[in-house]
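Quick caveat: nothing in here was measured; it's all calculated off a predicted structure.
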Amino acid sequence: MEKQEENYKIIYIDEEKMDKEENYACKRRKSRVLVTLIIGLLVTCYYIFVVELCIFTVPSQELKATFLVMFHILFLLCVWSYLRVVITPPAVPPETFRLSESDKQLYLSEERPEVQEQILSRAAKNLPLYYNIDSKTPIKYCRKCQFIKPDRCHHCTACDICILKVDHHCVFLNNCVGFSNYKFFLLFLLYVPLLLIFTSAVSLYCSILFWTGQVTNMDSKDSVIALFCMSTMFCIIFCYRYIYEHYSLVLMNDTLLEFNEGIHCKYNPYDLGYRKNWRQVFGNKKRYWFIPIFSSLGDGSSFPLGDAKEDIEKNGAIDCQTSK
């Protein structure tokens, strides 16, 4: 009877794992579809603005040139930022956070939590962890990835890996937003509303031309009015829902995951002040702040603390795209 019960338990666990994996695979397929739809939406908006609006509707050649130049600059920055978020792989913990083979075997064979904690504490003794300062916080270990989790690192069930400084997993990106692509995500959130505001303003101008009878070609009227309604609606959603939320988190040096789980509701050890929090994400060189090029400070596995005497400008800046 005991063997049968054990077999049933094993079968139940295997089926549960298969269901979870199937669910994650389904989510990834849906994310790919959403990414394709977003790209299709961008292509459609591009066609309506460039062809239907600028070429067929705007009467002045000077206005056409001005609108096209400004639109293409914003559109390029928007698409560039979006693609960088989508294709940049999430940063994973370095090998220094992986348990040695002997420690791993000892940890897995041990059932007592207090002994497991001692094994992790010994292995993490020389690692740059906030846990070492705050001894009340237990050291986190991922059995699946077999890593001691660095500060602000979490295991993403959709990506099925441990990711440094996780903000959230976004189905519209089919990717996790974390340390390696957080800046690109914020720039995407900035350039989309700017593009939408510009598109909405120009399409409103052309709609007024239609309504006042200043344009004789009425073939593009429905497309231009639809573009105005769509860009205005999405602009309101982006500005209200995303811009304020994410940029306020940057200034507080908080991630969306930490904010939603209330991890730093009482005290945030990583809050260095608005300016240093901003530079930790966008870097020290201002000329790279608004370009989708990686310029964030640090390595993603350790972070300066709010009470640290060391200035962030001297804290291991990684400017992988810059040259001396």
Side-chain angles (χ1 to χ4, degrees), residues 9-10 12-28 31 88-171 173-182 185 253-264 268-270 296 298-303 305 316 318:
K9 287 180 181 179
I10 292 171
Y12 176 76
I13 292 171
D14 289 340
E15 288 179 351
E16 189 177 357
K17 286 182 179 178
M18 290 176 64
D19 291 339
K20 285 183 179 179
E21 290 175 358
E22 188 176 346
N23 186 31
Y24 298 149
C26 182
K27 286 182 178 179
R28 286 192 288 270
S31 294
T88 301
V92 298
E95 287 298 314
T96 52
F97 285 83
R98 191 184 295 277
L99 285 181
S100 65
E101 192 62 31
S102 57
D103 284 338
K104 183 178 72 174
Q105 295 298 330
L106 190 61
Y107 179 84
L108 295 175
S109 62
E110 184 59 57
E111 296 181 356
R112 291 170 295 177
E114 63 276 6
V115 179
Q116 289 181 335
E117 182 66 27
Q118 290 175 3
I119 296 170
L120 293 178
S121 298
R122 185 176 66 251
K125 186 177 181 181
N126 297 320
L127 294 177
L129 294 173
Y130 179 63
Y131 312 125
N132 290 350
I133 300 173
D134 181 12
S135 58
K136 296 178 182 178
T137 306
I139 294 175
K140 300 174 184 177
Y141 178 73
C142 180
R143 288 175 175 268
K144 195 156 193 176
C145 298
Q146 299 179 355
F147 278 112
I148 292 176
K149 291 183 181 180
D151 295 338
R152 317 184 86 173
C153 176
H154 297 270
H155 186 91
C156 175
T157 53
C159 297
D160 201 28
I161 53 174
C162 283
I163 298 171
L164 298 178
K165 197 185 178 183
V166 177
D167 188 77
H168 69 287
H169 182 89
C170 184
V171 293
L173 303 172
N174 190 32
N175 201 0
C176 248
V177 177
F179 174 76
S180 60
N181 58 2
Y182 188 44
F185 174 72
N253 207 333
D254 224 354
T255 66
L256 186 62
L257 185 147
E258 291 167 345
F259 178 78
N260 290 337
E261 294 186 358
I263 295 175
H264 300 146
N268 183 1
Y270 308 111
S296 301
D299 56 7
S301 58
S302 61
F303 303 90
L305 303 177
I318 294 179

Next on the checklist: According to side-chain hydrogen bond (donor to acceptor under 3.5 Å, both in side chains), who are the partners of R143, at least two apart in sequence or on a separate chain?
Outcome noted: none
Checklist outcome for this item: Heavy-atom closest pair (A124 atom, L129 atom, distance to 0.1 Å) is CB-CD1, 3.7 Å
Checklist entry - Could you state the interatomic distance from CD (E261) to OG1 (T255), rounded to the nearest 0.5 Å? => result 8.5 Å
Checklist entry - Closest approach of C142 and C145, non-hydrogen atoms and distance? => result SG-N, 3.3 Å
Checklist entry - L256 and V177: side-chain contact (heavy atoms from CB on, under 4.5 Å), yes or no, with the steps? => result CA-CA 10 Å; L256 186 62; V177 177; over 6 Å; no
Item to check | Smallest separation among heavy atoms of C162 and C153, with atom names | outcome: CB-SG, 3.9 Å
Item to check | Test applied, side-chain contact (heavy atoms from CB on, under 4.5 Å); reference residue, C176; option that passes from P89, C170, C159 | outcome: C159
Checklist entry - What's the spacing between R112 CZ and Q118 CD if we round to 0.5 Å? => result 8.5 Å
Next on the checklist: Counting C-beta onward and ignoring hydrogens, is there a side-chain heavy-atom pair between H155 and D160 closer than 4.5 Å?
Outcome noted: yes
Next on the checklist: Working to the nearest 0.5 angstrom, can you tell me the gap between L257 CG and I263 CD1?
Outcome noted: 5.5 Å
Item to check | E117/I139 under side-chain contact (heavy atoms from CB on, under 4.5 Å): CA gap, chis, key distance, verdict | outcome: CA-CA 7 Å; E117 182 66 27; I139 294 175; 4.1 Å; yes
Checklist entry - Between atom CG of D103 and atom OH of Y107, what is the distance when rounded to the nearest 0.5 Å? => result 11.5 Å
Next on the checklist: Within the structure provided, determine whether N181 and P90 are in side-chain contact (heavy-atom separation under 4.5 Å).
Outcome noted: no
Item to check | Partners passing side chain to side chain contact (heavy atoms under 4.5 Å, CB included) against E95 (at least two apart in sequence or in another chain) | outcome: R98, F147
Next on the checklist: I need the L106 CG to L99 CG distance, nearest 0.5 Å.
Outcome noted: 10.0 Å
Item to check | Separation between CZ of R152 and CG of D167, rounded to the nearest 0.5 Å | outcome: 9.5 Å
Item to check | Minimum heavy-atom distance between P128 and F97, given as atom pair plus value | outcome: CD-CZ, 4.0 Å
Checklist outcome for this item: Hits for salt bridge (charged side-chain N to carboxylate O under 4.0 Å, His left out) against E111, two or more places apart or cross-chain, chain-then-number order -> none
Item to check | Q116/L120 under side-chain contact (heavy atoms from CB on, under 4.5 Å): CA gap, chis, key distance, verdict | outcome: CA-CA 6 Å; Q116 289 181 335; L120 293 178; 5.6 Å; no
Item to check | Nearest heavy-atom neighbours spanning Y270 and N253 | outcome: O-ND2, 2.7 Å
